[in-house]
Trainee: 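Just dropping this structure here.
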Number of protein chains: 2
Amino acid sequence: MVGSCPPVAIIALTRGKPMLQFGMMLKTLGVPMTDQNESYILDDQVGFLLRLAYQRHIALFMEQMTGGLTPPQFSTLYRLREAVEPISQNALGRLVGMDAATTKGVVARLLSRDLIRVEKDGGDRRRYTLFITDAGRQLLDAVMADVKGISEATLEPLAPQERAQFLALLKRLI
Amino acid sequence: MVGSCPPVAIIALTRGKPMLQFGMMLKTLGVPMTDQNESYILDDQVGFLLRLAYQRHIALFMEQMTGGLTPPQFSTLYRLREAVEPISQNALGRLVGMDAATTKGVVARLLSRDLIRVEKDGGDRRRYTLFITDAGRQLLDAVMADVKGISEATLEPLAPQERAQFLALLKRLI
DNA sequence: GAAATATTGTTTGTATGCAAATGATTTTGC
DNA sequence: GCAAAATCATTTGCATACAAACAATATTTC
């Protein structure tokens with residue numbers, strides 16, 4: 001099942017803004033007012049919408065991903081295969097937009113499934129260099145169709161031209 | 001400090017796609033190929049971008065929010081004040097796009113700060129009806145300027161017209 | 001070359017977020 | 001009216017995610 005809390009239909013449900021009438025009244029009466037309760041509609045705020053959109057994407061991802069990978073796990077594995085030169089754990093995490101603490105957990109789970117492996121760096125004794133395994137490559141190959149479908153499904157409500165437009169704008173917000 | 005992992009500058013860093021050349025070679029040679037490794041650029045995928053954009057928003061939120069509220073906590077408190085009729089914990093959570101388990105924690109933290117209070121529902125003995133307290137209303141009033149600035153800051157890279165465009169598209173992805 | 005600084009990886013604590021299971025209660029279907 | 005289904009709230013387990021602190025090692029600065 002997708003989820004127990006469909007945000008879409010419910011969001012527009014309780015849009016009543018009881019404070020607004022009060023605000024108008026104050027304004028009409030010439031009473032000093034902060035004006036801060038007006039013109040703030042939660043359903044129109046970027047952060048609120050980004051959270052819901054990302055949640056929907058994750059739901060689609062977990063539905064359609066057959067390889068048992070989460071979005072960060074897939075991104076990490078994919079980035080590791082892309083890497084031309086040996087890469088450390090922290091550096092890989094940064095390429096995926098994760099901090100060191102988060103990366104630690106993601107890498108541990110990929111390691112436990114033997115999708116990646118570690119080697120001690122000879123030059124820098126702090127570093128563990130990461131490598132993707134054959135099993136990791138095979139899993140990636142196997143799920144590429146899934147992840148393409150997931151991107152498709154996430155953008156499905158938009159027309160092709162709108163998708164490109166949306167992605168272009170979204171990139172600039174990062 | 002904003003965060004220890006600036007995704008922006010780093011993302012475009014390791015774009016090398018070693019597999020592509022191999023794919024091209026196979027194609028040229030007429031070897032059957034799955035074509036699944038081609039044309040997938042992680043930095044162009046909605047889910048990847050949504051995650052990073054939401055992370056950036058959260059960083060801005062925690063920087064500029066003076067009231068010690070997280071995004072879900074603010075949304076929950078704001079929605080509770082909006083509510084015209086008495087509302088149960090689960091119902092409030094759904095209005096904010098949170099499942100019951102998540103809502104439990106958020107509500108607990110708002111309760112511990114006395115920003116909301118509970119009453120046992122007389123009619124339905126399973127329900128706890130939630131109410132915002134005076135302290136909760138005061139805090140909301142106090143942070144409205146913050147959250148408006150946060151929305152502004154999140155959309156700052158876009159021109160005014162682009163912001164409206166982006167929000168319209170984003171809404172359709174929920 | 002020694003001191004200051006930075007980086008790598010780890011750990012702990014806190015906060016979402018979902019799945020799945022549970023018990024209590026209410027509503028629905030017949 | 002009664003069994004089945006749904007709902008409310010809770011709990012447990014797992015997976016991001018960030019802040020802050022830490023030890024070990026490298027690099028920079030002078």
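The shown structure was predicted, so the numbers you read here are calculated from the model rather than taken from an experiment. First the proteins, then the strands, lettered A, B, ... as listed; each starts at 1.
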Trainee: Determine the minimum heavy-atom distance between A/S75 and A/V96, stating which atoms define it.
Mentor: CB-CG1, 3.5 Å
Trainee: Tell me what B/N90 touches on the nucleic acid: a base, only sugar-phosphate, or nothing, going by heavy atoms under 4.0 Å.
Mentor: base
Trainee: Take the protein atom CG of A/L52 and the nucleotide atom P of C/dC18, then report the distance between them rounded to whole Å.
Mentor: 10 Å
Trainee: Taking only the side-chain nitrogens and oxygens of A/R125, find out if one of them lies under 4.0 Å from OP1 or OP2 of C/dG9.
Mentor: no
Trainee: Got a salt bridge between A/K171 and B/D44, using NZ or NE/NH1/NH2 to carboxylate O under 4.0 Å?
Mentor: yes
Trainee: Contact class for A/Y54 vs. all strands (heavy atom < 4.0 Å): base, sugar-phosphate, or nothing?
Mentor: sugar-phosphate
Trainee: Would you say D/dT16 has OP1 or OP2 under 4.0 Å from some side-chain N or O of A/Q73?
Mentor: yes
Trainee: Taking only the side-chain nitrogens and oxygens of B/S88, find out if one of them lies under 4.0 Å from OP1 or OP2 of D/dT7.
Mentor: no
Trainee: Find the distance B/D99:CG to C/dA15:P and express it as a whole number of Å.
Mentor: 17 Å
Trainee: Tell me what A/T70 touches on the nucleic acid: a base, only sugar-phosphate, or nothing, going by heavy atoms under 4.0 Å.
Mentor: sugar-phosphate
Trainee: OP1, OP2 of C/dT7 versus side-chain N and O of A/R127: anything below 4.0 Å?
Mentor: no
Trainee: What is the minimum heavy-atom distance between A/R113 and A/G68, and which atoms define it?
Mentor: NH1-O, 2.9 Å
Trainee: Specify the separation, in whole Å, of atom CZ of A/R51 and atom C1' of C/dC18.
Mentor: 13 Å
Trainee: Starting at CZ of A/F61 and ending at P of D/dA15, how long is that distance when rounded to a whole Å?
Mentor: 14 Å
Trainee: Using the rule given for side chain to side chain donor-acceptor pair (under 3.5 Å), can you reason through B/D146 versus B/T66, listing the C-alpha separation, both sets of side-chain angles and the distance that settles it, and then say yes or no?
Mentor: CA-CA 7 Å; B/D146 292 344; B/T66 59; 2.5 Å; yes
Trainee: Regarding C/dT8, can its base be found pairing with the side chain of A/R126 as donor and acceptor, where the two atoms are less than 3.5 Å apart?
Mentor: no
Trainee: Ignoring backbone atoms, test whether A/R56 places a side-chain nitrogen or oxygen under 4.0 Å from the OP1 or OP2 oxygen of C/dG17.
Mentor: no
Trainee: Name the one of B/R56, B/H57, B/R163 that satisfies side chain to side chain donor-acceptor pair (under 3.5 Å) with B/T154?
Mentor: B/H57
Trainee: Between A/I58 and A/A101, who's closer to the 5' end of DNA chain C by nearest nucleotide?
Mentor: A/A101
Trainee: Counting only side-chain N and O atoms of B/R109, is one of them less than 4.0 Å from OP1 or OP2 of C/dT14?
Mentor: no
Trainee: Starting from C1' on C/dA19, measure out to CD on A/Q55 and report it in whole angstrom.
Mentor: 14 Å
Trainee: Between A/T103 and C/dG9, is there a side-chain N or O to OP1/OP2 distance below 4.0 Å?
Mentor: no
